[in-house]
Number of protein chains: 2
Amino acid sequence: MTMPSRVLAIMQLFLGDQRVWTAEAIGRALDVSTSTAYRYVKELCAAGILDPVIGAGYALGPAIMQYDYRLRETDPIIQTARPIMQNLIDRTDQRIDVILCRRFRDCVLCIHQENGRDPHPPTSYARGVAMPLFLGATSKVILAHLPAKGLQRLYLENERKIRERLSDATWKSFKDQLAIIRRDGYCLTRSEIAEGRVGLAAPIFNLDQIVASISLVMEASTFGELNRRLPVIDIVRASSTAISDRLRDTGAEVARS
Amino acid sequence: MTMPSRVLAIMQLFLGDQRVWTAEAIGRALDVSTSTAYRYVKELCAAGILDPVIGAGYALGPAIMQYDYRLRETDPIIQTARPIMQNLIDRTDQRIDVILCRRFRDCVLCIHQENGRDPHPPTSYARGVAMPLFLGATSKVILAHLPAKGLQRLYLENERKIRERLSDATWKSFKDQLAIIRRDGYCLTRSEIAEGRVGLAAPIFNLDQIVASISLVMEASTFGELNRRLPVIDIVRASSTAISDRLRDTGAEVARS
DNA sequence: AAAAAATTTGCACATAATGAGAAAAGGTAA
DNA sequence: TTACCTTTTCTCATTATGTGCAAATTTTTT
C-alpha cells in the first residue's frame, strides 16, 4: 500500500466515525511521519477535500459538495429517474417516499430520493446511505437480477445478520423468493428495514443488466389504503420500465461497476 | 506537481464540463503515460471515487455520495442551522427558499438549502453550487465581515464582471455599502443574481469570525407582501444570531479555511 | 513575554512510482 | 468458432520522487 492510495486512505479515514483528525493522528493511522501527513493534508486542503478546523485538526471540506453536485446533475440514471419519481408521488400519495438505489460493493446505496410533501415518518434511506444487500424490497429486487454466480456465497456470509430480522431464512427459501421476484418484476416487503414500514421496489435495467431500483417506502396503513384505491404495483412497475426504456432510447452512458 | 496531487488532479478533471474521461485522456491531461493513468484510475475506482462507464471511460463514483452524506450529517453549521432554517420558512412563507452559504476560495458556496413547499421558481443556489463573491445579498453579507485586508484587490480583479450587473459600481461605493451592511447586520438585494428576485441575508459568526450566511430568496412580489405582514428583516437577523449563539454555546468545532 | 504546540521547509537517501512494451482480457464482427 | 480489434493489466529496469529527520517558522496558549 503506497502510491496514490495514500491520499485515498486519508480520505477513507473520514468515512469512519471520527469527524476531525489531526495531522499527527493521520500520520499514525497511515504509519507515516507527521511531516508527511502534513504534506498530504496540505494538498487535500488546497483541493478543498479537507478543511482545517479551528481547534485542531481537519474535517471533510467543501469540494465534496461540489463533486456531489456534479454527480447529481450529470448522472443519467438520476436525471432520467427524477421526474418519473416525482410523478410517482403525485399520482399516488404525498405520505410516501420514493428512493432510487444502486448496488455498491456489498451494499445497496441510495442515490436519489423524492419525498412526499405531507408529514410522515422519515425513511432510513437517504442519498449517500448504504443499506445491507439482503434486507428490504430495494435490495432484493436488485439481488434477484444479479448474475447467480457468487450469490450463495454472499448470502451465507451474511446469513447471521439476515436471521436477526428474518428468523426463518434459508438459502433455498431465499433463492426461491428471488425467482418469484424475477418473474413478477417487483418486490414487496413489510417491516424488513424499519418496523411497520412497507417497501415496494421494481428493477431498472441498462443493456439487460440491472443498474438500479426504485422503491416506494411508506407506512403499512398508507400502503393498505393506497393499494385499495390504485393498482400501485402496476404503477411502480410501469415507472421502472419507463426509466429503463428512456435510458435505452437516449443511449445513456451508465456506470457499470 | 506530482505526488498526492496526481490523484487530486484527476479528480479535478471531473469538475470540468466533461463527465466521462478515458484513461488515455486522463494520461494526456496530466502528462503521464497511459499505464500510469490506468494505475491511478484503478485505485480511484477501488475507492469508489470513480466508476467505470460502460461504453468507454470513467465518471465520478458512488463514494462521493457517501462523503457528502457524512459532511451533511456531521457539519456543525449545517446541523445547527437546519432546524432554524425550516422554522424560518414556517414562520414566513412557503414560497421562499432559505439557503446557507459559506465562503470557498473566491466564491460563495451553498452548503444547505430548505425550500418552501408551495410552488415557486427555483433558486440559482443549490447545495454544492458556487456563486460569485461580489453579487447578491448572500455574498455581500459575507464580504462585509471579512478582514478588510486584500478586499480591494479582490474587488478590482472582479470589477468587470460586477459591472455587467451593477453598472454604477465603484470600489468606493462598494466599500460604503459594506460598511452599512456591517452596521445594520443584514443585506437586501434585488435582481442581482436572477431577475426579479430578492435576496435577504444575515451573517453567521463563530469566535467573532464570519463563517457563513443565511439568506431568504424569493420573488420581489412575495417579499413586498411579506414585508408588509411581518418584520422579515428582524426575523432573519434573529435567526442568524440564534445560529451564531448556538454554535458558541455548543463549542462547535467549525471549519476555518 | 515566554513556552508550547502546530505547521512548514531543506536536505540526503532509498523507496516507490514511472514508462515502455508485452501480455491478457474483453468485446465485436465475420 | 476464429480472428481482430480495444481496453486494461502486468513486468521490469531506471531514476525521479516522496520520505524521514531535524531545524526553522508560525501560531496558539499561558
Side-chain angles (χ1 to χ4, degrees), chain A residues 1-11 13 18 20-59 61 147 149-150 206-209 211 248 251 253-257, chain B residues 1-11 13 18-59 61 147 149-150 206-209 211 248 251-257:
Chain A
M1 124 100 98
T2 49
M3 228 230 324
S5 41
R6 287 269 149 90
V7 183
L8 299 174
I10 292 180
M11 288 179 66
L13 294 177
Q18 194 175 328
V20 178
W21 286 76
T22 63
E24 214 189 330
I26 291 173
R28 246 179 290 121
L30 302 211
D31 196 34
V32 297
S33 71
T34 304
S35 42
T36 295
Y38 271 114
R39 277 191 269 252
Y40 279 98
V41 154
K42 200 175 157 194
E43 297 248 21
L44 282 157
C45 287
I49 304 287
L50 292 185
D51 212 16
V53 165
I54 204 92
Y58 302 85
K149 177 177 187 300
N206 181 248
L207 304 174
D208 294 323
Q209 294 204 327
V211 293
R248 177 167 25 71
E253 291 184 310
V254 170
R256 73 180 111 113
S257 102
Chain B
M1 121 95 105
T2 52
M3 226 235 315
S5 39
R6 289 267 150 92
V7 182
L8 299 173
I10 293 180
M11 289 179 66
L13 293 178
Q18 194 175 328
R19 190 183 83 93
V20 177
W21 286 76
T22 63
E24 215 188 331
I26 291 172
R28 245 178 291 122
L30 301 211
D31 196 35
V32 297
S33 69
T34 305
S35 41
T36 296
Y38 272 114
R39 278 191 271 255
Y40 280 99
V41 156
K42 199 174 155 195
E43 297 247 19
L44 283 157
C45 285
I49 304 287
L50 292 185
D51 212 17
V53 165
I54 203 92
Y58 302 84
K149 176 175 186 306
N206 180 249
L207 304 173
D208 293 323
Q209 294 205 325
V211 292
R248 177 170 22 73
E253 291 183 312
V254 170
R256 75 180 109 111
S257 108

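In what follows, chains carry the letters A, B, and so on, assigned in the order in which the sequence lines appear, proteins first and then strands, with residues in each chain numbered from 1.
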Contacts of type side chain to side chain donor-acceptor pair (under 3.5 Å), residue Ser35(B), not counting sequence neighbours
Ser33(B)

Is there side-chain contact between Met11(B) and Met11(A), with heavy atoms separated by less than 4.5 Å?
yes

What distance do Lys42(B) atom NZ and Tyr58(B) atom OH have between them, rounded to the nearest 0.5 Å?
10.0 Å

Grab the CG-P distance between Leu50(B) and dT7(D) for me, whole Å please.
17 Å

In whole Å, what is the span from the CH2 atom of Trp21(B) to the P atom of dT8(D)?
16 Å

Sub-4.5 Å side-chain heavy-atom contact between Asn206(A) and Gln209(A):
no

N/O (side chain, Arg6(A)) to phosphate O (OP1/OP2, dT19(D)) under 4.0 Å:
yes

CG of Asp31(B) versus P of dA16(D): gap in Å, rounded?
15 Å

Base, backbone or nothing for each nucleotide of nucleotides 4-12 of chain C, written B, S, -, heavy atoms under 4.0 angstrom, 5' to 3'?
--SBBBB--

Set of residues satisfying side-chain contact (heavy atoms from CB on, under 4.5 Å) with respect to Leu13(B), sequence neighbours excluded:
Trp21(B), Ile26(B), Ala29(B), Leu30(B)

Give a yes/no answer on whether the side chain of Tyr40(A) brings an N or O atom under 4.0 Å of OP1 or OP2 in dG18(D).
no

Can you measure Leu44(A) atom CG to dG18(D) atom P for me and round it to whole angstrom units?
14 Å

Let me know the distance between CD of Glu43(B) and C1' of dA16(C), rounded to the nearest Å.
13 Å

Residues that Arg28(B) engages under salt bridge (Lys or Arg N to Asp or Glu O under 4.0 Å), provided they are two or more places apart:
none

Sugar-phosphate, base or nothing in reach of Val41(B), heavy atoms under 4.0 Å:
nothing

For Ile54(A) and for Ser33(A), locate the closest nucleotide of DNA chain D by heavy-atom distance; then report the residue assigned to the nucleotide nearer the 5' terminus.
Ser33(A)

